[in-house]
There are 2 protein chains.
Amino acid sequence: MPELPFTLDQLRILKAIAAEGSFKKAADLLYVTQPAVSLQIQNLEKQLEITIFDRGGRKALLTEAGRLLLEYCERILNQCDEACKAIEDLNSLKGGTLVIGASQTTGTYLMPRMIGLFRQKYPEVSVQLQVHSTRRTGWSVANGQIDLAIIGGQLPSDLENLLQVIPYATDELALVLPPKHQLSSKKELLKEDLYKLNFVTLDSQSTTRKVVDKLLKDSGLDIQRLKIEMELNSLEAIKNAVQSGLGASFLPVVSIERELAAGTIHKAFVADLEVERELKLITNPSRYTSRASEVFKKNILPQFASLESPLRQT
Amino acid sequence: MPELPFTLDQLRILKAIAAEGSFKKAADLLYVTQPAVSLQIQNLEKQLEITIFDRGGRKALLTEAGRLLLEYCERILNQCDEACKAIEDLNSLKGGTLVIGASQTTGTYLMPRMIGLFRQKYPEVSVQLQVHSTRRTGWSVANGQIDLAIIGGQLPSDLENLLQVIPYATDELALVLPPKHQLSSKKELLKEDLYKLNFVTLDSQSTTRKVVDKLLKDSGLDIQRLKIEMELNSLEAIKNAVQSGLGASFLPVVSIERELAAGTIHKAFVADLEVERELKLITNPSRYTSRASEVFKKNILPQFASLESPLRQT
DNA sequence: TATTTGAATAATTTAAATTTATGGATACTC
DNA sequence: GAGTATCCATAAATTTAAATTATTCAAATA
């Protein structure tokens, strides 16, 4: 690693003298005394073993070596200015990238709206959304590839300690039926009724599926007895299957708002059964938090948070 | 003029840490202690109001802002290295430009050989030859547009004091005749014979012409009585005219070496008449002397200098 | 010749960066 | 899981570098 034969200050002085044609004027311009300028140029000349200025006459004139150096000097100083500008933009949220993680459901139905709101406020910050499994999302947050994420499932316990996990909203997993289904007309179903249904579910790897299974089991149901017509790996596919009358399913309400409004899917109520999961914001407290990430957490998320969420208070 | 928010040293440290992934290793690499590195990065972070490294885990990782800054950092440091290399090349005569001035005659017949020799030794230094009148050449040397020059005429007296003038060779201005001319057969002419000749001369502005006129006058000749057939502004044209039998002329021997060898021009001797002028090297002592200029003066010129020249001793 | 202007120099002061020494946090070892 | 090593942060002291004031020198202007 080579020693640096000059400093940025020296280059700045060089440039000023070249522009003003005088050591004294350069000194005034830079708000220092004339000897300071003289000494710095002398150091520069000594270190590079060149003569930079002809100081004979009325004004200081560049030598060939001086002109050569000045060229580089201007380029270098321009780069410095650019760097400052870029950093400033980053600080004032006029640049940079926010990387957000999400699981399938939130990534598909919730994040687009949040990101839309964020970009409306900070159009110059670009946002990257990474949709992965809860597990992988957690790891990405842990090692800094993702600034913040929203997950709906359970983190591995090692990650849970490492990361900051803030519940910020609940997501109801509604029992949905085809509108023409015979049970759709009933005001309220009983738990027993569930055993009569044919289910179209997410595949068993999926976070949402695991959550649903766990919640049903917790509420006393024997999930082995539930009839599973088919397993699909896409919520959209399941929605289509339900709409086509192929069976029932538990789906996040956020994913079926449109269909409920249009009446193409029926949401049923089951007595004594509340299938709800917490959506949680996860961040890495031991890592640098970008301004963009901060702002997202403080200003954007609360608008989507439920009343009990700690985020509401901020 | 804006303050500089960072120093090259800080950038160098930043780069080293990014490369090594550790403050300590970077410190070792740069031959400083670890706190020095830490403090400089802290200063940098404070001044730019950003966090550059995540120092949580095993190794220091760049944040987004850090990566952004590093990009500029590398560009800036590369430019610095390049600047150093360019300056070094200039110092070691592996680059740069030598600007040489000359009058018509020396520029045409002498300089090409000198420059050839110089470029043979220093092929990476480019040479620029500027052929102008003695007067203009002198001014160019005075204000630094030309590094050094060779002139054959008299400088204006104000310039003569300002510049360093070193005679380095004599240039004989020979009387030349067409080979078939009746006087070409005579071994030696008398001054009187000159009045019988028809002259083809340079135009009266030319330095060489003025020198010839002055020298002839000084040796007692009445230049009004000399018959001037025509005035041309090019030595080559005059040579052609003489070869074609149109008349006689006084020409610098350096310009007719080839023709004398070929016998297409006859050089005559005139009793009691020596038409010689001094060729002088002029430089500007109050200005920076480039390495290339130095070398040209010390190593190249003496090889073309006559025995009495002060340059022979160097 | 006297005066002014710009740059170099010397001595002092001021500021900044480096070092030594130390403490705390985290990861690796047995 | 205590011990140890590693790495970074911090504090105080030292050293180094840079800026200022004051002065001299040289060149240019009047």
Side-chain angles (χ1 to χ4, degrees), chain A residues 3-14 16-47 51-63 66 142-144 158 161-163 284-288, chain B residues 3-14 16-47 51-63 66 142-144 158 161-163 284-288:
Chain A
E3 291 280 308
L4 288 173
F6 48 77
T7 69
L8 284 179
D9 270 310
Q10 287 170 341
L11 296 188
R12 204 163 59 113
I13 292 171
L14 162 60
I17 300 175
E20 297 291 318
S22 143
F23 282 44
K24 179 158 182 49
K25 282 182 189 154
D28 293 344
L29 195 68
L30 299 170
Y31 303 107
V32 292
T33 55
Q34 169 264 315
V37 168
S38 283
L39 289 176
Q40 283 302 330
I41 293 297
Q42 280 172 36
N43 289 343
L44 191 52
E45 290 182 322
K46 217 174 292 169
Q47 299 223 289
T51 304
I52 297 176
F53 289 103
D54 267 326
R55 299 114 151 128
R58 234 288 158 277
K59 56 181 175 180
L61 284 173
L62 285 165
T63 63
N143 61 33
D158 48 347
N161 306 329
L162 208 62
L163 304 178
N284 189 335
S286 66
R287 274 190 182 279
Y288 158 75
Chain B
E3 290 281 307
L4 288 173
F6 49 76
T7 69
L8 283 179
D9 270 310
Q10 288 171 339
L11 296 188
R12 204 163 60 113
I13 292 172
L14 163 60
I17 300 175
E20 297 290 318
S22 145
F23 282 44
K24 179 160 181 47
K25 281 181 192 156
D28 294 343
L29 195 69
L30 299 171
Y31 302 109
V32 290
T33 56
Q34 169 263 316
V37 167
S38 284
L39 290 176
Q40 283 302 329
I41 293 297
Q42 281 173 35
N43 289 341
L44 191 51
E45 290 183 321
K46 216 173 295 170
Q47 299 223 287
T51 303
I52 297 176
F53 289 103
D54 267 326
R55 300 116 152 123
R58 231 294 155 272
K59 56 181 172 180
L61 284 174
L62 285 166
T63 63
N143 62 32
D158 48 346
N161 306 330
L162 209 62
L163 304 178
N284 189 335
S286 66
R287 275 192 181 276
Y288 159 74

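Numbers restart at 1 for each chain; the letters A, B, ... are given by sequence-line order, proteins then strands.
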Participant: A side-chain contact here means heavy atoms from C-beta on lying under 4.5 Å apart; do B/I52 and B/Q10 qualify?
Facilitator: no
Participant: Give every donor-acceptor pair under 3.5 Å between a side-chain atom in residues 19-28 of chain B and any protein atom, sequence neighbours left out.
Facilitator:
{"unit_1": "B/S22", "atom_1": "OG", "unit_2": "B/K24", "atom_2": "N", "d": "3.1"}
{"unit_1": "B/S22", "atom_1": "OG", "unit_2": "B/K25", "atom_2": "N", "d": "3.0"}

Participant: What's the shortest heavy-atom distance between B/A142 and B/N284, and which atoms?
Facilitator: O-ND2, 2.6 Å
Participant: Quick one: closest heavy-atom pair of A/L62 and A/A18, and the distance?
Facilitator: CD1-CB, 4.0 Å
Participant: On the nucleotide D/dT10, are OP1 or OP2 found under 4.0 Å from the side-chain N or O atoms that B/Q42 carries?
Facilitator: yes
Participant: Once you round it to whole Å, what is the distance between P of C/dT26 and CG of A/L162?
Facilitator: 11 Å
Participant: Using atom CG of A/D158 as one end and atom P of C/dA27 as the other, report the distance to the nearest whole Å.
Facilitator: 13 Å
Participant: So which protein nitrogen or oxygen atoms get under 3.5 Å of nucleotides 15-21 of chain D's nitrogens or oxygens?
Facilitator:
{"unit_1": "D/dA19", "atom_1": "OP2", "unit_2": "A/Q40", "atom_2": "NE2", "d": "3.2"}
{"unit_1": "D/dT20", "atom_1": "OP2", "unit_2": "A/T33", "atom_2": "N", "d": "2.8"}
{"unit_1": "D/dT20", "atom_1": "OP2", "unit_2": "A/T33", "atom_2": "OG1", "d": "2.7"}

Participant: Specify the closest pair of heavy atoms between B/T51 and A/Y288, including all atoms of both residues, with the distance to one decimal.
Facilitator: CB-CD1, 3.1 Å
Participant: Between P on C/dT26 and CG on B/D54, what's the gap in Å once rounded to a whole number?
Facilitator: 13 Å
Participant: For a quick test of reading the model: is some side-chain N or O of B/R55 closer than 4.0 Å to OP1 or OP2 of D/dC7?
Facilitator: no
Participant: Starting at atom CZ of A/F23, determine the distance to atom C1' of D/dA26, rounded to an integer number of angstrom.
Facilitator: 15 Å
Participant: Respond yes when some side-chain nitrogen or oxygen of B/S38 is under 4.0 Å from OP1 or OP2 of D/dC8, and no when none is.
Facilitator: no
Participant: Given atom CG of B/N161 and atom C1' of D/dA27, what is their separation to the nearest angstrom?
Facilitator: 16 Å
Participant: In degrees rounded to 10°, what angle is found between the helical axes fit to the five outermost pairs at each end of the helix from C/dT1-D/dA30 to C/dC30-D/dG1?
Facilitator: 30°
Participant: B/Q42 and B/S38: side-chain hydrogen bond (donor to acceptor under 3.5 Å, both in side chains), yes or no, with the steps?
Facilitator: CA-CA 6 Å; B/Q42 281 173 35; B/S38 284; 5.0 Å; no
Participant: Expressed in angstrom and rounded to an integer, what is the separation of B/K24 atom NZ from C/dG24 atom P?
Facilitator: 20 Å
Participant: Compare all side-chain heavy atoms of A/L30 with those of A/R12 and state whether any distance is below 4.5 angstrom.
Facilitator: yes
Participant: Measure across A/V32 and A/V37 and return the closest heavy-atom pair with its distance rounded to 0.1 Å.
Facilitator: CG2-CG2, 3.8 Å
Participant: Could you check how far CD1 of B/I41 sits from C1' of D/dC7, rounded to whole Å?
Facilitator: 15 Å
Participant: When the distance from CG of A/L61 to P of C/dA7 is rounded to whole Å, what number comes out?
Facilitator: 11 Å
Participant: Any idea which heavy atoms bring B/L44 and B/P5 closest together, and the distance?
Facilitator: CD1-O, 4.3 Å
